[in-house]
Protein chains: 2
Amino acid sequence: MTTTRRPTRQQSAVIDALGSTQDFTSAQDLHAQLRESGEKVGLATVYRTLSTLADSGDVDVLRTGEGEAVYRKCSTGHHHHLLCRVCGRTVEVEGPTVERWTDAVAAEHGFTDVAHTLEIVGTCSSCH
Amino acid sequence: MTTTRRPTRQQSAVIDALGSTQDFTSAQDLHAQLRESGEKVGLATVYRTLSTLADSGDVDVLRTGEGEAVYRKCSTGHHHHLLCRVCGRTVEVEGPTVERWTDAVAAEHGFTDVAHTLEIVGTCSSCH
DNA sequence: CAGGAGATTGATAATGATTGTCAAAACATG
DNA sequence: CATGTTTTGACAATCATTATCAATCTCCTG
């Protein structure tokens with residue numbers, strides 16, 4: 001029995017907020033974002049909505065190193081971050097290389113619906 | 001100032017417990033296991049030891065779908081994980097492609113001492 | 001349009017893993 | 001043995017996430 005889905009203002013708000021970025025975003029962040037933009041959505045509702053969307057496969061979920069769950073609207077191009085460990089400056093980078101590689105490796109092992117996270121840390125030129 | 005590592009009974013117990021299996025094991029499980037086998041090790045110590053080992057790269061860490069951290073004795077050098085979002089099965093993958101790409105991209109932006117993390121999630125063949 | 005069944009919401013409490021605290025214990029060394 | 005340092009562990013604190021449950025909203029039907 002599939003859950004009856006009834007569209008609501010709150011759910012749309014969450015979905016829109018998710019769609020406004022291509023990055024993986026945590027439920028907490030989304031909630032803060034919604035509150036800032038004036039939308040009144042309860043934290044529990046944000047979690048519920050994300051969880052439902054994830055179950056139905058409409059969003060990707062994965063876990064950060066800290067164990068926080070992060071979500072992203074499915075199948076849009078995305079980029080990665082190059083982070084300076086000294087000053088915290090970040091640079092967005094992208095390229096088909098990694099995308100292709102992960103897809104290939106996943107397919108090779110019979111995996112489908114693949115998503116990935118990649119973070120690169122280093123020391124930037126000014127901080128060297 | 002080299003790593004001030006002082007071997008203790010507790011740390012050895014944690015390492016041994018970890019080594020007794022090839023599966024990813026949670027800190028909580030390890031603690032329970034140690035307690036059962038008579039070793040008295042505090043929970044905080046288990047966490048500290050695992051955290052230290054993970055930092056020094058002697059064990060692998062990743063997160064289950066529920067957000068629990070799980071650890072395993074490292075088998076080889078640097079590799080990545082292909083994680084099934086349904087059953088949690090993991091496959092180790094490695095290859096020079098990503099390493100080269102991250103190094104190249106980092107260098108291109110003037111970054112040095114580069115490190116990276118990459119996690120791939122998907123649905124494995126049995127769970128599809 | 002009114003009424004009602006069922007779905008949805010949200011404030012708050014509860015949960016559970018992980019981390020912080022800090023005095024006591026274990027060590028190494030002089 | 002005295003002393004300074006490291007490690008331990010019981011317990012409190014934190015933080016994301018989930019459960020609760022009364023109030024509210026939606027849609028359907030008469």
Side-chain angles (χ1 to χ4, degrees), chain A residues 1-18 23-56 58-72 117, chain B residues 1-18 23-56 58-72 83 85 88 119 121:
Chain A
M1 178 192 128
T2 45
T3 8
T4 337
R5 190 177 297 172
R6 199 176 285 179
T8 67
R9 171 184 62 79
Q10 289 89 339
Q11 290 179 9
S12 306
V14 171
I15 293 171
D16 285 350
L18 240 197
D23 287 329
F24 279 92
T25 316
S26 72
Q28 302 280 349
D29 280 351
L30 278 174
H31 181 239
Q33 223 171 283
L34 287 168
R35 174 166 290 182
E36 260 189 48
S37 69
E39 295 280 353
K40 294 188 209 68
V41 182
L43 179 58
T45 301
V46 175
Y47 274 106
R48 258 189 308 250
T49 304
L50 289 174
S51 179
T52 304
L53 288 172
D55 282 348
S56 65
D58 293 327
V59 302
D60 276 331
V61 201
L62 39 89
R63 298 271 172 174
T64 68
E66 282 77 36
E68 205 178 17
V70 285
Y71 304 82
R72 187 186 65 180
T117 46
Chain B
M1 188 178 88
T2 46
T3 6
T4 33
R5 187 177 296 173
R6 195 179 289 178
T8 66
R9 172 185 61 82
Q10 289 89 339
Q11 290 178 8
S12 307
V14 171
I15 294 171
D16 286 349
L18 240 197
D23 288 331
F24 279 93
T25 317
S26 73
Q28 302 281 348
D29 280 352
L30 278 174
H31 180 239
Q33 222 171 284
L34 287 167
R35 175 166 289 181
E36 261 190 48
S37 67
E39 295 281 354
K40 294 188 209 65
V41 182
L43 180 57
T45 301
V46 174
Y47 274 105
R48 258 189 308 249
T49 304
L50 288 173
S51 180
T52 304
L53 288 173
D55 282 348
S56 65
D58 293 326
V59 302
D60 276 334
V61 200
L62 46 86
R63 297 273 172 174
T64 69
E66 283 77 35
E68 203 179 16
V70 285
Y71 305 81
R72 189 183 60 176
L83 168 72
R85 74 175 114 241
E119 293 291 331
V121 289

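Reminder, nothing fancy here: chain letters follow the sequence lines and each chain counts from 1.
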Kindly write out the residues that satisfy side-chain contact (heavy atoms from CB on, under 4.5 Å) with [X], not counting sequence neighbours, or none if the list is empty.
X: B:Thr45; result: B:Gln10, B:Val41, B:Arg48, B:Thr49
X: B:Leu83; result: B:Thr90, B:Val121
X: B:Leu43; result: B:Gln28, B:His31, B:Tyr47
X: B:Asp16; result: none

- Message: I want to check one thing: is the phosphate of D:dT8, taken as OP1 and OP2, less than 4.0 Å away from some side-chain N or O of B:Thr8?
- Response: yes
- Task: Report the C-alpha distance between A:Phe24 and A:Asp60 in whole Å, list the side-chain angles of each, state the deciding distance to 0.1 Å, and finish with yes or no for side-chain contact (heavy atoms from CB on, under 4.5 Å).
- Result: CA-CA 8 Å; A:Phe24 279 92; A:Asp60 276 331; 4.0 Å; yes
- Message: With heavy-atom distances below 4.5 Å as the criterion, would you say the side chains of A:Leu50 and A:Val61 are in contact?
- Response: no
Once you round it to whole Å, what is the distance between [atom2] of [N] and [atom1] of [X]?
X: B:His31; N: C:dG16; atom1: NE2; atom2: C1'; answer: 15 Å
X: B:Leu50; N: C:dA17; atom1: CG; atom2: P; answer: 14 Å
X: A:Leu30; N: C:dG10; atom1: CG; atom2: P; answer: 15 Å

- How sharply is the helix from C:dC1-D:dG30 to C:dG30-D:dC1 bent, taking the axes over five pairs at either end and rounding to 10 degrees? 20°
- Task: Work out which heavy atom in B:Ser56 is nearest to a heavy atom in B:Leu53; give both atom names and the distance.
- Result: OG-O, 3.1 Å
Show me, pair by pair, the donor-acceptor contacts under 3.5 angstrom made by side chains of residues 32-40 of chain A, not counting sequence neighbours?
unit_1  : atom_1 : unit_2  : atom_2 : d
A:Ser37 : OG     : A:Gln33 : O      : 3.4
A:Ser37 : OG     : A:Leu34 : O      : 3.1

- Letter by letter from the 5' end, nucleotides 9-21 of chain D scores (B base, S sugar-phosphate only, - none; protein heavy atoms under 4.0 Å) BB-----SBBB--
